[in-house]
Undergrad: 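Next up is a structure, given as C-alpha cells.
Positions are given from 1, in the same order as the sequence printed here.
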Amino acid sequence: MRLSTSTNIYLRRPDGRIATVEESMVRCARAGYRVMDLNFYDCTSFRSAFVTDDWRAWIEDIRMLADQLGLTFSQAHGSFYNFCEKNLPEREFWETSVLRSILCAEIMEIPWVVIHAGTAFDADDYRLVSLKRNLEYFKGLLDFAISHHVGIAIENLWDKAIRPQRRYTANAEELMELIDACSAFAGSWVGACWDFEHADIMGQSQREGLLRIGDRLRATHVSDQTGIDNDHILPFFGGIDWKEMVGILREIGYGGDFTYEIHRYTSKIPEELVDAALEYSVKTGEYLLSM
C-alpha cells in the first residue's frame, strides 16, 4: 500500500475561499505526497472549470502539473447524484458531470473512479427497487467507463442524520450485492471503495465488512470521526482503531492505496500552518503503514 490523499485535503479555507485542485497539488507535493485522488465531486459542487466548456484544457493542465510535481493519481472521486430519484433538478447537469469524471480519469490515466449508488426513497421495498434501478444505471455507466479504460469502485455509504429512510449500500451486504450483480456484465471493471468513517458512523464491524468485501476492494477512503458534525478528520483524531484497520487490509491482500479523505482536517487551519499540518499528515500516514 502507498499513502495517498484526496485533493480535498486542502479545499475549504477559514475565510470562505475554496482552494483549487492545482493549489492542493502543489501543497501536497511540497509536503511529501506522491500519490493522490482527484475529487471531481468537489469540482462539480463548487462549479470549477471542470463544469465549463474548457474542462478538457483544464484537465490537460492538471496532468501536466502532476508530471511536473512528480504526482501520480491512482483513484478519483467521481461526481455523483441520486439517479434513483424521480423529477430530480439539474439531472442533465449532474449526469454530464459523472460522465466527464470518467473522461477526465481517462486523460489522467486514473484506473479507478469512486461512485455512489443511488437509493429509491420512494419505494416500499427500498432494497429490491434500489438494486433494480442501480443495475439499470450502472449497466450504461460501466459500459461507458470500460470503453474509456476506467474501472468503477462503488462506495459504502452512511445514512444517519441524512434522511429518515435507509440509504442503499450503507452496509457491506448491500454493497457486495450490487457489485456482484454488476460484475455479471462488467467483470473485474467494477469493485468496492471502503470508507472507514462511514462504516464507523454506522456502528458496523469493520473487520466483518472488509472480510466480506475481500478481493472486491479496489480503493479506500481513510478518515476518522468523533460525530457527524466532526467527520473527515485525520486518523487518531477520532475513535477508529487504525492498527486493526491496517491489519485487516493486509489480511485480505488489498493491493490499492491508503487514501485520505480528510477535508475537515485543514479547513480551519490558518495558511501559515497548513504546510506543517500537511507534513504531519504524511508522517501519520507513514506511521500507519508501518504498523
Undergrad: Roughly how far, to the nearest 0.5 Å, is NE2 of H116 from CG of L157?
TA: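 So the gap between those two atoms works out to 5.5 Å.
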Undergrad: Looking at E90, I want to see if its CD is surrounded by more than 12 non-hydrogen atoms of other residues, nucleotides or ligands under 6.0 Å.
TA: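 Counting other residues, nucleotides and ligands, CD of E90 exceeds 12 neighbours.
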Undergrad: Surrounding CG of D15 (heavy atoms of other residues, nucleotides or ligands, distance under 6.0 Å), is the total greater than 12?
TA: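 It does: D15 CG has more than 12 such atoms within range.
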Undergrad: Assess, by modelled atom type and distance only, whether the side chains of N134 and S130 contain a donor and an acceptor separated by less than 3.5 Å.
TA: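 S130 and N134 do not have a side-chain donor-acceptor pair below 3.5 Å.
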Undergrad: Is F40 reachable from Y10 through a run of I, L, V, M, F, W or Y residues, each pair having side-chain heavy atoms under 4.5 Å apart?
TA: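 Yes, it is one cluster - the side chains of Y10 and F40 are joined through contacts under 4.5 Å.
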Undergrad: With heavy-atom distances below 4.5 Å as the criterion, would you say the side chains of T20 and S48 are in contact?
TA: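 With C-beta onward as the side chain, the pair stays apart.
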Undergrad: Between D257 (side chain only) and T259 (backbone N and O only), is there a donor and an acceptor less than 3.5 Å apart?
TA: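 Not confirmed, D257 side chain does not pair with T259 backbone.
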Undergrad: Does a side chain donor of either S97 or Y81 reach within less than 3.5 Å of an acceptor in the other side chain?
TA: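 There is no such pair between these side chains.
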Undergrad: Can you tell me how far CZ of F80 sits from CD1 of I154, rounded to the nearest 0.5 angstrom?
TA: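 If we round to the nearest 0.5 Å, I154:CD1 and F80:CZ are 14.0 Å apart.
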Undergrad: Other hydrophobic cluster members with I18, side-chain heavy atoms of Ile/Leu/Val/Met/Phe/Trp/Tyr under 4.5 Å, chained?
TA: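 Its cluster mates, by chain and number, are L11, F46.
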Undergrad: Show the numbers, then the answer: is there a side-chain contact (heavy atoms from CB on, under 4.5 Å) between D61 and I59?
TA: CA-CA 5 Å; D61 286 345; I59 196 63; over 6 Å; no
Undergrad: Return yes when atom CZ of R207 has more than 12 non-hydrogen atoms of other residues, nucleotides or ligands closer than 6.0 Å, and no otherwise.
TA: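 For R207, atom CZ is crowded (more than 12 foreign heavy atoms under 6.0 Å).
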Undergrad: Please give me the minimum heavy-atom distance between S101 and V113, naming the atom from each residue.
TA: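 In this case the closest contact between S101 and V113 is O-CG2, 4.4 Å.
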Undergrad: Is there side-chain contact between L38 and M25, with at least one heavy-atom pair below 4.5 Å?
TA: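 Not touching, per the 4.5 Å side-chain cut-off.
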Undergrad: Go through the steps for R30 and E279 under the test salt bridge (charged side-chain N to carboxylate O under 4.0 Å, His left out), then give the verdict.
TA: CA-CA 8 Å; R30 191 161 63 210; E279 290 170 7; over 6 Å; no
Undergrad: Only one of F83, F185, W189, F144 forms a ring pair (Phe, Tyr, Trp, His ring centres under 6.0 Å) with F138, so which one is it?
TA: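 Passing option: F83.
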Undergrad: Checking S6 against H263 for the side-chain contact (heavy atoms from CB on, under 4.5 Å) test, could you report, in this order, the C-alpha distance in whole Å, the side-chain angles of both residues, the deciding distance, and whether it holds?
TA: CA-CA 8 Å; S6 169; H263 41 277; over 6 Å; no
Undergrad: Got a second to check how far T119's OG1 is from E85's CD, nearest 0.5 Å?
TA: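 Atom-to-atom, T119:OG1 and E85:CD are 10.0 Å apart.
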Undergrad: Counting distance only, does the side-chain N/O of R34 pair as donor-acceptor with the main-chain N or O of T72 below 3.5 Å?
TA: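 Pair absent, no side-chain N/O of R34 close to backbone of T72.
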Undergrad: Taking only residues two or more places apart in sequence, or in another chain, which ones meet H221 in a ring-ring contact (aromatic ring centres under 6.0 Å, His included)?
TA: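 ring-ring contact (aromatic ring centres under 6.0 Å, His included) list for H221, sorted by chain: H77.
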Undergrad: Grab the two heavy atoms, one from L175 and one from C193, that are nearest each other, plus how far apart they are.
TA: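 So the two residues come closest at CD2-O, 4.4 Å.
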Undergrad: Would you say that E60 contacts I107 through its side chain, given a criterion of any heavy-atom pair below 4.5 Å between the two side chains?
TA: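 The answer is yes; the side chains approach within 4.5 Å.
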Undergrad: Can you tell whether the side chains of E173 and R127 come within less than 4.0 Å, N to carboxylate O?
TA: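 Looking at R127 together with E173, the answer is no, because their closest N to O distance does not fall below 4.0 Å.
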Undergrad: May I ask you to check whether Q206 and W194 show a side-chain donor-acceptor distance below 3.5 Å?
TA: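 There is such a pair (donor and acceptor under 3.5 Å, judged by atom type) between the side chains of Q206 and W194.
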Undergrad: Is it the case that the side chain of Y260 and the backbone of S281 share a donor-acceptor pair, with hydrogens and angles ignored and the cut-off at 3.5 Å?
TA: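 Yes.
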Undergrad: Keeping R47 on the side-chain end and T44 on the backbone end, is there a donor-acceptor pair under 3.5 Å?
TA: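 Yes.
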Undergrad: Test side-chain contact (heavy atoms from CB on, under 4.5 Å) on V35 and L3 and set out the steps.
TA: CA-CA 7 Å; V35 187; L3 177 65; over 6 Å; no
Undergrad: Quick one: closest heavy-atom pair of L141 and L99, and the distance?
TA: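 Closest heavy-atom pair between L141 and L99: CD1-CD2, 3.8 Å.
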Undergrad: Would you check if Y137 and V98 make a side-chain contact, meaning some heavy-atom pair closer than 4.5 Å?
TA: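 Counting from C-beta outward, Y137 and V98 do come under 4.5 Å.
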Undergrad: Using modelled atom types only, decide if a donor and an acceptor are shared between the side chain of R12 and the backbone of S267 within a distance under 3.5 Å.
TA: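 Here the side-chain-to-backbone pair does not exist.
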Undergrad: If the threshold is 4.0 Å, N to carboxylate O, is there a salt bridge linking R133 and D122?
TA: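 Judged by the 4.0 Å cut-off on N to carboxylate O distance, R133 and D122 do form a salt bridge.
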Undergrad: So which heavy atom on L289 is nearest to which on R250, and how close?
TA: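 Minimum heavy-atom separation between L289 and R250: O-NH2, 2.5 Å.
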Undergrad: Return the CD1 to CD1 distance between I115 and I152, rounded to the nearest 0.5 Å.
TA: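 The distance works out to 5.0 Å.
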Undergrad: Yes or no on salt bridge (charged side-chain N to carboxylate O under 4.0 Å, His left out) for R27 and E271, after CA distance, side-chain angles and deciding distance?
TA: CA-CA 11 Å; R27 292 267 195 175; E271 293 299 318; 2.7 Å; yes
Undergrad: How long is the span from the CD1 atom in I233 to the OG1 atom in T226, to the nearest 0.5 Å?
TA: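 Answer for the CD1-OG1 pair, I233 versus T226, is 5.0 Å.
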Undergrad: When you measure from the side chain of T266 to the backbone of I269, do you find a donor-acceptor pair of N or O atoms at a distance under 3.5 Å?
TA: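 Not a single qualifying donor-acceptor pair exists.
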Undergrad: Salt bridge (charged side-chain N to carboxylate O under 4.0 Å, His left out) for R100 and E95? Distances and angles first, verdict last.
TA: CA-CA 8 Å; R100 190 169 293 172; E95 181 59 18; over 6 Å; no
Undergrad: Less than 4.0 angstrom from a charged side-chain N to a carboxylate O is my criterion; do R63 and E109 meet it?
TA: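 Looking at E109 together with R63, the answer is yes, because their closest N to O distance falls below 4.0 Å.
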Undergrad: Do the side chains of I262 and L234 get nearer than 4.5 Å, heavy atoms only?
TA: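 Answer yes - side chains close enough.
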Undergrad: Please say whether more than 12 non-hydrogen atoms of neighbouring residues, nucleotides or ligands are located less than 6.0 Å from CG in D67.
TA: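 Yes, enclosed.
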Undergrad: Counting only N and O atoms by type, is there a donor-acceptor contact under 3.5 Å from the side chain of Q225 to the main-chain atoms of D231?
TA: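 No; zero donor-acceptor contacts below 3.5 Å.
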Undergrad: Linking I/L/V/M/F/W/Y whenever any side-chain heavy atoms sit under 4.5 Å apart, do I110 and M1 land together?
TA: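 They do share one cluster, since a chain of ILVMFWY contacts under 4.5 Å joins I110 to M1.
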Undergrad: I9 and L69: same hydrophobic cluster, using ILVMFWY side-chain contacts below 4.5 Å?
TA: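 Yes, I9 connects to L69 through the hydrophobic network.
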Undergrad: Pick one: which of T7, V21, V51, I62 meets side chain to side chain contact (heavy atoms under 4.5 Å, CB included) with C43?
TA: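 Going through T7, V21, V51, I62 one by one, the side chain to side chain contact (heavy atoms under 4.5 Å, CB included) with C43 is satisfied by V21 alone.
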Undergrad: For the residue pair T284 and P235, what are the closest heavy atoms and their distance?
TA: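 So the minimum-distance heavy-atom pair works out to CG2-O, 4.1 Å.
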Undergrad: Examine L249 and M176 and state if one hydrophobic cluster contains both, with Ile, Leu, Val, Met, Phe, Trp and Tyr joined whenever side-chain heavy atoms are less than 4.5 Å apart.
TA: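 Cluster IDs for L249 and M176 match.
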Undergrad: So is R166 actually on top of Y126's ring, under 6.0 Å and inside 45° of the axis?
TA: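 Ring-cation test returns no.
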Undergrad: Any chance you could lay out the side-chain contact (heavy atoms from CB on, under 4.5 Å) test for W55 and L103, step after step, and finish with the verdict?
TA: CA-CA 10 Å; W55 68 269; L103 294 175; 4.0 Å; yes
Undergrad: With a 6.0 Å cut-off on ring centres, are F196 and W242 close enough?
TA: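 Yes, the ring of F196 comes within the 6.0 Å limit of the ring of W242, centre to centre.
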Undergrad: Just by distance, do the side chain of R218 and the backbone of D215 share a donor-acceptor pair under 3.5 Å?
TA: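 Yes, the answer is positive, given that a donor and an acceptor are paired below the 3.5 Å cut-off.
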Undergrad: Is the shortest heavy-atom distance from the side chain of S24 to the side chain of M36 under 4.5 Å?
TA: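 Of all side-chain heavy-atom pairs linking M36 with S24, at least one is under 4.5 Å.
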Undergrad: Is there a side-chain contact between V129 and K132 in this structure, where contact means two heavy atoms from C-beta onward sitting under 4.5 Å apart?
TA: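 Contact flag for V129/K132 side chains = no.
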Undergrad: Is it the case that the side chain of Q204 and the backbone of A170 share a donor-acceptor pair, with hydrogens and angles ignored and the cut-off at 3.5 Å?
TA: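 Confirmed, Q204 side chain pairs with A170 backbone.
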Undergrad: Taking all atoms of both residues into account, what is the closest heavy-atom pair of D37 and S4, and its distance?
TA: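 Where D37 meets S4 most closely, the heavy atoms are N-OG, 3.9 Å.
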Undergrad: Between R216 and D180, is there a donor-acceptor pair closer than 3.5 Å when you use the side chain of the first and the backbone of the second?
TA: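 A pair under 3.5 Å: no.
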Undergrad: Is there a path from L128 to L135 through hydrophobic residues (I, L, V, M, F, W, Y) whose side chains come within less than 4.5 Å of each other?
TA: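 Not linked; separate clusters.
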Undergrad: How far does CD of Q75 sit from CH2 of W112, to the nearest 0.5 angstrom?
TA: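 The distance works out to 11.0 Å.
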